[in-house]
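A short write-up of the structure that comes next.
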Amino acid sequence: MRISKLFGKTQRETPAEALMISHQLLLRAGMIHQVAAGVYSYLPLAWRVLKKIEDIIRNEMNEAGGQELTLPVLQPLELWQETGRDLAFGKSLFTLSDRKDHKLALGPTHEEVITKLVSHNVKSYRDLPLLLYQIQTKFRDEPRPRAGLIRVREFSMKDLYSFDTDEDGLSQSYDRMLKAYQNIYTRCGLPTLLIEADSGAIGGKDSHEFMVIAETGEDEVIYCDNCKYTANAEKAQSIKSKMESEEPLPLEEVATPGAATIEEVSSFLKIPKSKTLKAIFGIADGKLIFVLIRGDLEVNETKLKNALHCNEFRMSTGDEVAKAGIVAGAASPVGIKSIKVVADESITSGANFVAGANKPETHLKNVNHPRDFKVDLMTDIAQARAGEGCPKCSAKLSSIRGIEVGHVFKLGTFLSEKLGAFFIDPEGTSRPIVMGCYGIGLGRILAVAIEQSHDDKGIIWPLPIAPYQIYLCPLHPESPKIADTAEKLYTELETQGFEVLFDDRNESPGVKFNDADLIGIPVRVTVSSRTLEKDSVEIKKRSEKESQLVPLGKVVASLQKLISEDLPRLSK
RNA sequence: CGGGGCGUAGCGCAGUUUGGUUAGCGCGCCGCGUUCGGGACGCGGAGGUCGGCGGUUCAAAUCCGCCCGCCCCGACCA
């Protein structure tokens with residue numbers, strides 16, 4: 001490709017709205033253009049990268065036994081209502097009406113459609129197992145698109161669905177996908193972490209995410225250095241500090257003027273926060289919920305939402321709490337009626353807690369469970385934090401930020417049961433197909449590759465996903481000898497199968513070098529009067545400082561060597 | 001949805017507080033010339049519904065009202 005013909009211009013200045021490096025560089029390199037919040041056009045350079053990522057993914061899916069197909073973006077809303085996932089996705093589901101006023105959804109994912117499809121085609125255990133996938137545009141009306149291509153509302157995603165006869169089969173399919181995913185990331189030059197995850201709106205049991213470590217990441221990863229336990233913070237468990245058990249003392253009311261928060265109450269009464277009970281309130285599918293946890297801990301809303309089995313959960317407003325007759329700042333589980341109380345297991349460790357008295361500026365001392373109050377649901381709803389104990393080996397947990405680049409789920413049978421995807425087993429009985437699903441976002445891989453691999457000059461593409469392999473850069477192409485050599489080299493390299501971006505412009509060396517660095521092509525070949533004096537060209541890797549002079553006759557061989565060196569090897 | 005910020009040429013911004021010539025600067029773009037191994041320079045040029053609608057006024061980028069869009073934080077979210 002000749003740069004003079006390439007659609008897309010590099011920019012010297014960073015657009016103001018871009019804060020994340022991948023976003024800035026994608027804009028500056030002329031690779032993407034924003035159309036609306038979380039909606040982008042992909043220019044030729046970006047499109048080539050996406051195609052390469054797509055090829056890698058397709059190749060690994062096929063290797064793993066997947067069959068590619070394509071499913072519609074436009075889906076009847078009734079299909080989502082059948083599984084109840086229209087509620088689980090809530091406002092993230094883009095919906096529209098057709099001319100007959102039928103409600104349709106733009107697919108945020110395709111479990112419903114594919115399960116229906118499979119239910120029509122799979123009747124026997126002989127048809128299983130089955131791995132089906134597509135690479136398709138997804139639509140999700142994210143509450144807050146952000147960070148360039150990291151979180152968008154329209155994006156290309158590979159989604160594979162596995163169909164098995166039983167849990168064992170599912171585990172095999174799952175493991176096969178985990179391996180295929182590892183290969184994909186290796187080939188894309190992305191070091192990833194496999195972590196335990198919450199399954200969110202997708203639903204299901206086991207779930208893992210692939211994370212790329214990045215300070216700017218949206219997710220917090222909790223991990224144990226000792227035993228390799230690794231989990232998303234919204235899922236992670238931990239061992240909290242144990243409290244001494246004590247003889248229960250009688251309840252006692254105490255005035256706490258001006259003290260409302262845990263901080264204030266504990267310092268006013270001169271007790272540790274862990275001797276208090278924290279009450280917070282949420283609204284689960286419209287109903288007020290009383291949530292109780294030990295004062296030194298925080299509630300994990302994902303765990304809470306899961307424990308409540310509700311579709312929609314949010315923290316309540318002060319008004320809603322007051323309306324229920326509860327005194328904010330002194331809310332008490334003691335004497336609570338007609339409100340569901342959910343408590344974290346931490347309240348069973350220790351005794352004689354301080355809790356609210358449900359009277360303004362008054363608290364109760366020596367509150368004990370279950371003597372003084374009862375809870376409707378006692379489970380783990382606490383946020384795991386760095387410094388707490390690993391749930392597997394009790395060593396100290398650490399935390400780090402990451403960006404999710406893949407998510408896999410063991411779905412089980414809830415979708416096949418709801419959508420009627422059954423098969424006849426060898427004994428002749430009808431059983432639901434056991435499903436899994438496996439998603440990977442292409443644009444996010446592209447963006448994260450940049451986050452991972454750049455310098456102050458620009459992008460440094462990993463070779464396998466670089467838009468071009470070689471940046472051919474003649475300096476002063478107005479000199480016939482330089483132009484001739486470059487043209488010949490361009491033809492030869494293309495003939496040899498190299499992907500070449502040919503900077504045929506009459507720009508100054510500085511402009512060309514800076515553009516080459518910004519766009520991030522892995523290998524630069526410079527032709528100038530200086531190199532031609534020695535019948536050579538200069539070859540330089542984007543990732544390295546040093547360059548080398550290579551005689552014209554050896555350029556092809558030298559480049560072949562460089563490029564084969566940079567293709568990652570896979571362990572299969 | 002709550003909080004904050006922004007909207008003037010393709011990009012980065014000034015001008016808005018205190019209304020008043022023809023709305024300006026840098027980058028980029030077009031032409032000519034001189035340069036050129038790390039974002040050169042000179043001269044000439046093109047490019048604007050000042051986010052939209054309404055209002056106040058002799059006069060609105062500037063004041064008032066409503067609306068829209070975008071970014072950031074939070075909520076939420078594969």
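Convention: sequence-line order gives letters A, B, ...; per-chain numbering from 1.
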Using both distances under 3.5 Å as the test, list the Watson-Crick or G-U wobble partner of [N], or none.
{"N": "rC66(B)", "answer": "rG52(B)"}
{"N": "rC36(B)", "answer": "none"}
{"N": "rG2(B)", "answer": "rC73(B)"}
{"N": "rG31(B)", "answer": "rC43(B)"}
{"N": "rG12(B)", "answer": "rC25(B)"}
{"N": "rG19(B)", "answer": "none"}
{"N": "rU57(B)", "answer": "none"}

Between Ser22(A) and Glu451(A), a side-chain donor and acceptor under 3.5 Å: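 Indeed, the side chains of Ser22(A) and Glu451(A) share at least one donor-acceptor pair under 3.5 Å.
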Under 3.5 Å side-chain donor-acceptor pair for His110(A) and Gln75(A):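 Yes, because at least one side-chain N or O of His110(A) sits under 3.5 Å from a partner of the opposite role on Gln75(A).
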Parallel, tilted or perpendicular: rings of Tyr181(A) and Phe210(A) (30°, 60°):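 If you compare the ring of Phe210(A) with that of Tyr181(A), the planes turn out tilted.
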Sugar-phosphate, base or nothing in reach of Phe155(A), heavy atoms under 4.0 Å: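 Phe155(A): base contact, heavy atoms under 4.0 Å.
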Tyr42(A)/His33(A) aromatic ring centres below 6.0 Å: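 Centroid distance Tyr42(A)-His33(A): not below 6.0 Å, so no.
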Sugar-phosphate or base contact per nucleotide [nucleotides 29-52 of chain B; S, B, -; heavy atom under 4.0 Å]: -------BBBBS------------
Contact letters for nucleotides 67-72 of chain B, in which S counts primed atoms plus P, OP1 and OP2 and B counts the base, heavy atoms under 4.0 Å: ---SSS
